[in-house]
Amino acid sequence: MAQHTVVGSRMSYLSLTLILAFSQLVFSDDKLPIAAHTMFPKGFMFGAATAAYQVEGGWNADGKGMSVWDNYTHEHPDFVALNENADVSDDSYHLYKEDVQLLKTIGFQVYRFSISWPRVLPNGRTSYVNQAGIDYYMNLIDDLLANGIEPMVTLFHWDLPQALEDIGGWLNPDIAQLFEEYADLMFKTYGDKVKWWITINEPFSVVWFYGGNSAGAPNLNLHGTGDYLSGHNLLRAHGKAYRLYQKKYSHQGGKLSMAFCGPMCQPKTDSKDDIAAAERCYQFSYGWFAHPVFRGDYPPVMRELVDKNSKEEGRTVSRLPYFTEEEIKEINGTVDFFGMNYYTTNLINDGVIGDFPSVTRDAHYLTSFDPSWPSSEADWLKIVPQGIRLLAKKVKEEYNNPTLIVTENGYPQASMDDYERISYFESHFSELRRAIYEDKCNIIGHTTWSIIDNFEWRKGYTNKFGVVSVDFNDPKRTRTLRRSAEWLQHYLAMHKLIQ
Ligand SMILES: *[C@@H]1O[C@H](CO)[C@@H](O)[C@H](O)[C@H]1NC(C)=O
Ligand SMILES: *[C@@H]1O[C@H](CO)[C@@H](O)[C@H](O)[C@H]1NC(C)=O
């Protein structure tokens, strides 16, 4: 380790000198495009992200209720790589202060974490509040603020209380009101300290847990129906939480969004059919949730295709539910910024695949990777830096250039000498700056996935996304900075020089 540190700091000294030289140019003439491209604009926020189930452990500590992920991993150990679960994971429930010190050491200004709904409301309902859970997040938030780090809080990052799944979970329309009541308690309790809220993380992933093939909890496999219905209620829940905040908590001055996701959809060829297929891919992923909250109702192409297929299947009711006029109004215009998760890009061509009925079949496209894109330790993640710029540009065009925060972006590499992760961040930061300076996208922040290695859902602990490694065999869950953490430390120190 000692030797690493010496080499590390010599490398960093070189990049430090170079960046300093460029930032001099920024100071002397901010119209110089080349100089500007070496640094992010003043005020740009850098942070790191985690999610409750992935890092906390303490799955039944101090009165926490069971979540659908506790249930899924306990019922079906075989669904997860090496039969792992997150009963202990990083033990951040007990070691959160170590996480805060890591964030501070690296120089992050923002910590995006999620609240475990069943930790604060063991039965999912506000009729019984678990004070130990409330205290845990209060302590975390206070420790962050005491260390100069701003909290960005996700309310739902997939760990639904099992008690609510037992009444249908996101398939039950009542969930929207139950989510609103949970959100109300969170805004009331933490809202004077928390100014950034993400209601729902990756709604487009959640729908696969209802309509995909054992993709995750609650594992219902309701192809082509459970996905659309859960998505519908996720949107209704988000709309209610946003309107509640507007009505009751606007004096807190917070900003709300969802964290949208998908791959970036790039046409495989420049044929008209493939370009249209890539557009369907966008509208059936990011657009599925972003269109209703930015423009009102589902993307027209989704409405058209699911209605058409439903009819052909002899159904009198579309598998994609309809919002009432009132709901459209309630949901339309309920985001203050675009929370954008980006990891990779897919090539898209026209064609049909998938069970019948299913989202894949409705959306009518095929996915592949360009063989020239470098691989990673995750089979689904190829390195395509230009994708983050193209996606930001697409968002700008679709929704009238909203404020955008990259709420997740990261790379899996287990090695302590994780040069590929450094290169991933370097290239993606560079493309983000081009999106800002050349495409005039209104991007104001980036939260790295992730600060520490954690439970990567069905991949268990086999994909390591942390810039800090965690020894999962050590009861103390010792955390050790990887090279990428040192690189970020110097990068962020440099960024602070222009603040
Ligand atoms: C999962 O949830 C169901 C329904 O609540 C329950 O009957 C079952 O015991 C749970 N499984 C585990 C392993 O906790
Ligand atoms: C959503 O709101 C915008 C802005 O007020 C409006 O132009 C648009 O027509 C609304 N969409 C729908 C479907 O009502």
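Side chains included, hydrogens not; waters and symmetry mates left out as well; all remaining heavy atoms used. Counting starts at 1 for both ligands and their atoms, in listed order. In this chain, residues are counted from 1 in sequence order.
Met66 counts as a contact of ligand 1, since one of its heavy atoms falls under 4.0 Å from the ligand.
For Lys476 and Asp91, the salt-bridge test fails: no basic side-chain N is under 4.0 Å from an acidic carboxylate O. A salt bridge does not link Glu438 with Arg433: every distance from a Lys NZ or Arg NE/NH1/NH2 to an Asp or Glu carboxylate oxygen is 4.0 Å or more. Salt bridge present: Lys193 and Asp142 bring a charged side-chain N and a carboxylate O closer than 4.0 Å. Remark: Asp159 does not engage Lys64 in a salt bridge, criterion side-chain N to carboxylate O under 4.0 Å. With respect to the salt-bridge test (charged N to carboxylate O, under 4.0 angstrom), the residues Lys394 and Glu279 qualify. Taking a cutoff of 4.0 Å between a charged side-chain nitrogen and a carboxylate oxygen, Glu398 and Arg295 qualify as a salt bridge. Between Lys240 and Glu330 there is a salt bridge, since at least one side-chain N of the basic residue sits less than 4.0 Å from a carboxylate O of the acidic one.
Residue-to-ligand polar distances keep Asp297 apart from ligand 2: every N/O pair is separated by 3.5 Å or more.
Ring pair Phe79/His76 is parallel by interplanar angle, where below 30° counts as parallel and above 60° as perpendicular.
Atom numbering of ligand 2 starts at 1 in the shown order; those under 4.0 Å from a heavy atom of Asn332 are 1 (C), 2 (O), 3 (C), 8 (C), 10 (C), 11 (N), 12 (C), 14 (O). Per-residue contacts place Gly296 under 4.0 angstrom from the following atoms of ligand 2 (heavy atoms of the residue considered): 11 (N), 13 (C). Atoms of ligand 1 lying under 4.0 Å from any heavy atom of Glu75, numbered from 1 in the order shown and given with element: 1 (C), 8 (C), 10 (C), 11 (N), 12 (C), 13 (C). Less than 4.0 angstrom separates some heavy atom of Gln162 from each of these atoms of ligand 1: 2 (O), 4 (C), 5 (O). Near His74, meaning under 4.0 Å from any of its heavy atoms, are these atoms of ligand 1: 13 (C). Every atom of ligand 1 is numbered from 1 in the order shown, and the set under 4.0 Å from a heavy atom of Asn71 is 1 (C), 2 (O), 3 (C), 8 (C), 10 (C), 11 (N), 12 (C), 14 (O). Close approach of ligand 1 to Asp166 is summarised as follows: ligand atoms under 4.0 Å from at least one heavy atom of the residue are 4 (C), 5 (O).
Using a 4.0 Å cut-off between heavy atoms, Glu165 makes no contact with ligand 1 at all. With a heavy-atom cut-off of 4.0 Å, Lys329 does not touch ligand 2 at all.
For atom 2 (O) of ligand 2, a protein non-hydrogen atom is found at a distance below 4.0 Å. Distances from atom 7 (O) of ligand 2 to the protein include no heavy-atom value under 4.0 Å. Within a 4.0 Å radius of atom 10 (C) of ligand 2, the protein has at least one heavy atom.
Put simply, the side chain of Asn219 never gets that close to the backbone of Gly216: no donor and acceptor are under 3.5 Å apart.
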